[in-house]
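Note sheet for the following structure.
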Amino acid sequence: MQLMIAKAKNACQSRLEPLRVGLLWLDQFALRHELPVFWVLGILYKFLLDAMYIWVASPLYSYAGLVYRPNFLKYCISTCMYFILFALLPKREQDTPVFLFHLQFLFTVAPLLSFYALSDNSSRYMGMVFACILLELWILLRPRQSGGNISITGIQSYATVMLGVLVIFALVIPLIYNGFAGLKIFDLAYVYEWRANATYPPLYGYVSAWVYSSVLPFGCICFLHRKKYLWSVVCVLAQLLLYMELGHKFILFSLIPAVCLYFLSKTGHLLKLAYLGFCAVCILTLISFRMDYPENHLGIVLGALIAVRSIFHPSDNKFRFFACFRELPKTFFSDGQIGHMLGLTYPYAGSLGQVIHCYNGGEFLSANLNTGYLGDSYAQMGFAGMILMSLLFAVIIRFFGSYDSKQSTPVLVSTTALYILTLNDGALFTVLLTRGLLITFLLIFIFFKKNEGGSYGI
Amino acid sequence: MEYSVRDLVRILLKKWYIIILVMALISAASVFLSQRSYASAVENYEELTSEIVVIPIKTGTLQQCYQLTFQLNPDLQDELNQHLAKNLVRGIQDNTEIAYFEDLILSKQQQSFVALATDPDLIAEVQVEVDTLSYEEPPAVDDNNVVTFSSQPLSVQDHVTATAADEGILSLVIVGLDEPVAEQLASIYLSHMTARLNSLAAIVGKVHQTSASFTADPVRHTKLAQVAQTVMKEPVAPPNLIKTVGTAAAYSFVLSCFGVLLFTFIRDSKKSRKD
């Protein structure tokens, strides 16, 4: 029996040997030519984004704002801005803040630059965004001082039990209030009907968001890292169950990128792979959309999901926020917890996204246009608000760097990267409080501990 | 820096006075800020929702009603009397026949009057006279609330609507012009109409104005004001100060604890770097 197993193992190894050799060669090539590889991928991504806007996003969605009105001067300016920022961004692997900044650059800033030039949009706002990103880069590039990281000791076991209770609480409450939809919830059309009829007790929204955004992904990745695969599977099942009770698509899909990032970061080439991945997604979207258009439904779905909903629609919304709140009064954080704390008067009859929708000719209260922190902060306090939020964002991202080590970086990156993607659609304070970034901080303080060598690990 | 839970609690208890101070400061600030925010919200609401498009000329709608009475043309009266004399010689009863002919003529006149009110030739005549006065179309406001002055000559048919009823009632409605120009236009129209009627068998005996009114066009709000009226909420009542202070104290307790811990971490980490 053992001989058979040994034989099978040898057969597999011999089959996979060419693949292993190929990957090793790629690894060496990427290490030897790191900078040229980055530059090739950076240049390719810039032009693929432009192509995706011209041939996918704009044809699909020009009636709703993604117009194609190229301006040559703005295109030159946006290209210069893109390459200035790309040149300034450090190109270091195994560095969580650097990776997170690059992720923001890929997902938020580069699409903004393309949209600005190809739809002839506001140079003033683009200039403000550029200034904010430069400020963030300045903070990122300041020399990092060693030591001084925070760690709360002696409560790991208590925290683990408490988090377990929190997860159980988050799973039980929706069952009591709304019952269980079962497998029907995987019908992505039925999900909206389920969500419209669901009710929850006060503050449950916070608890559930913390659990599915922070606690379960952190738990899944940590157990994976400690090779406790059973507990990792339990976290995945809990996340799945939570989706079946709440019906938010984010819950269903959020663990996939987290786990993928964890494994990819172990290769030591996560940043290059991120650029490669984004380029591949652009190429796939372009080709599938243009093939047999307009009969190709899959291409249209991919185009709508990736090019429009994920990448360019948020860029459009940022410019809309700027255009609207140039004329309407700023809110000075009166819509959130800061407003409640200081007793500020919120001047609008709906949320900021609903105000924007009405400002652009839509029916008031019928739709909500979400925007990222760069748009929301302008609505709060104008350019000063953008500077403030950018500063806070940079400090938060830089903070993660103090826990970086060969051991802990895969966990850090995989648990924090999703917040960067969420910040393309939500305000910074919302992500901190509601979406659980503060909870992630707490989990890092509790579960990351200093090893004998001085580095951090789980 | 490693801290146990006991360390954290000890740090907070040691700095209890800072926590109280921060709570007091934020609560005091909330009193000032909440009132300032309320006043600002009221001011913004009133200012934005009442923003109007400033048009230099106040246009409106002029409505005038006239009562016209018709009487037989004197020349025609002579002819009828001669006819009467001839018929008397022939022995035909005269008074009824005269009255019949008079009624017939006046009835035809009424019909002509009704038709004339919508006659394009009459409008054309009025237009010719208006052109000599060099009136221009009033300024227009586009969707972006930009007032554009027109150099186009005033077009009568775009502004004047006349309706005539059988009983000699003429209603004139003139829209989109300022009052002096509208009244002038009405006067020109009436004079041309009476001239045309006078050229027919019966003549206009009396013209009596029964009513006249000028209603200014409603104030036009800017596009921003229209949006503001929809999306903005009128601040109803000023903030309750006791509730504001209490809420601020509760939130600031959490914030000040966090602030004290953060300050301690930063101070301790600076110390450890120096060591």
- Task: Identify which part of B/L48 has an atom lying under 4.5 Å from any heavy atom of chain A, answering side chain, backbone, both or neither.
- Result: side chain
- Message: Are more than 12 heavy atoms, taken from residues, nucleotides or ligands other than B/E129, located less than 6.0 Å from that residue's CD atom?
- Response: yes
- Can B/I26 and A/L342 be said to form a side chain to side chain contact (heavy atoms under 4.5 Å, CB included), step by step? CA-CA 8 Å; B/I26 291 180; A/L342 298 174; 4.1 Å; yes
- Item | Sub-4.5 Å side-chain heavy-atom contact between A/L344 and B/R36 | no
- Interface check, chain A: of B/D268, B/T230, B/V31, most non-hydrogen pairs under 4.5 Å belong to B/T230
- Task: Heavy-atom distances under 4.5 Å only: say whether B/L8 touches chain A with side chain, backbone, both or neither.
- Result: side chain
- Which pair of non-hydrogen atoms, one from A/A349 and one from B/K233, has the smallest distance, and what is that distance? N-CB, 3.9 Å
- Query: About how many Å separate OH of B/Y251 and CD of A/Q337, when rounded to the nearest 0.5 Å?
  - Reply: 3.5 Å
- Can you tell me how far the CD atom of A/E327 sits from the OG1 atom of B/T222, to the nearest 0.5 Å? 8.5 Å
- Note on the structure: Tightest non-hydrogen contact, residues A/G343 and B/S34, listed as O-CB, 3.1 Å
- Item | Rounded distance [0.5 Å steps], CD in B/Q226 versus SG in A/C358 | 10.5 Å
- Query: To the nearest 0.5 Å, how far apart are OG in A/S334 and OH in B/Y38?
  - Reply: 14.5 Å
- Message: Out of B/L224, B/V42, B/N240, B/V227, return the one with the most heavy atom pairs under 4.5 angstrom to chain A.
- Response: B/L224
- Applying a strict 4.5 Å limit to non-hydrogen atoms, the region of B/N44 in contact with chain A is side chain
- Query: Just by modelled atom types, is the A/T345 backbone N or O under 3.5 Å from a matching donor or acceptor in the B/S37 side chain?
  - Reply: yes
- Looking only at A/F445, A/Y348, A/F332, A/Y359, the option with the highest number of non-hydrogen pairs under 4.5 Å against chain B is A/Y348
- Query: Counting heavy-atom pairs under 4.5 Å to chain A, which of B/A41, B/S252, B/S4 comes out on top?
  - Reply: B/S4
- Message: With a sphere of 6.0 Å drawn around CZ of B/F253, does it hold more than 12 non-hydrogen atoms of other residues, nucleotides or ligands?
- Response: no
- Message: Is B/Y3 in contact with chain A via its backbone, its side chain, both, or neither, using a 4.5 Å heavy-atom distance?
- Response: both
- Query: Has B/K223 got more than 12 heavy atoms of other residues, nucleotides or ligands less than 6.0 Å from its NZ?
  - Reply: no
- Message: Could you go through A/M341 and B/L255, starting from their C-alpha distance and side-chain angles, then the distance that decides it, and tell me whether this counts as side chain to side chain contact (heavy atoms under 4.5 Å, CB included)?
- Response: CA-CA 10 Å; A/M341 179 172 78; B/L255 202 66; 4.0 Å; yes
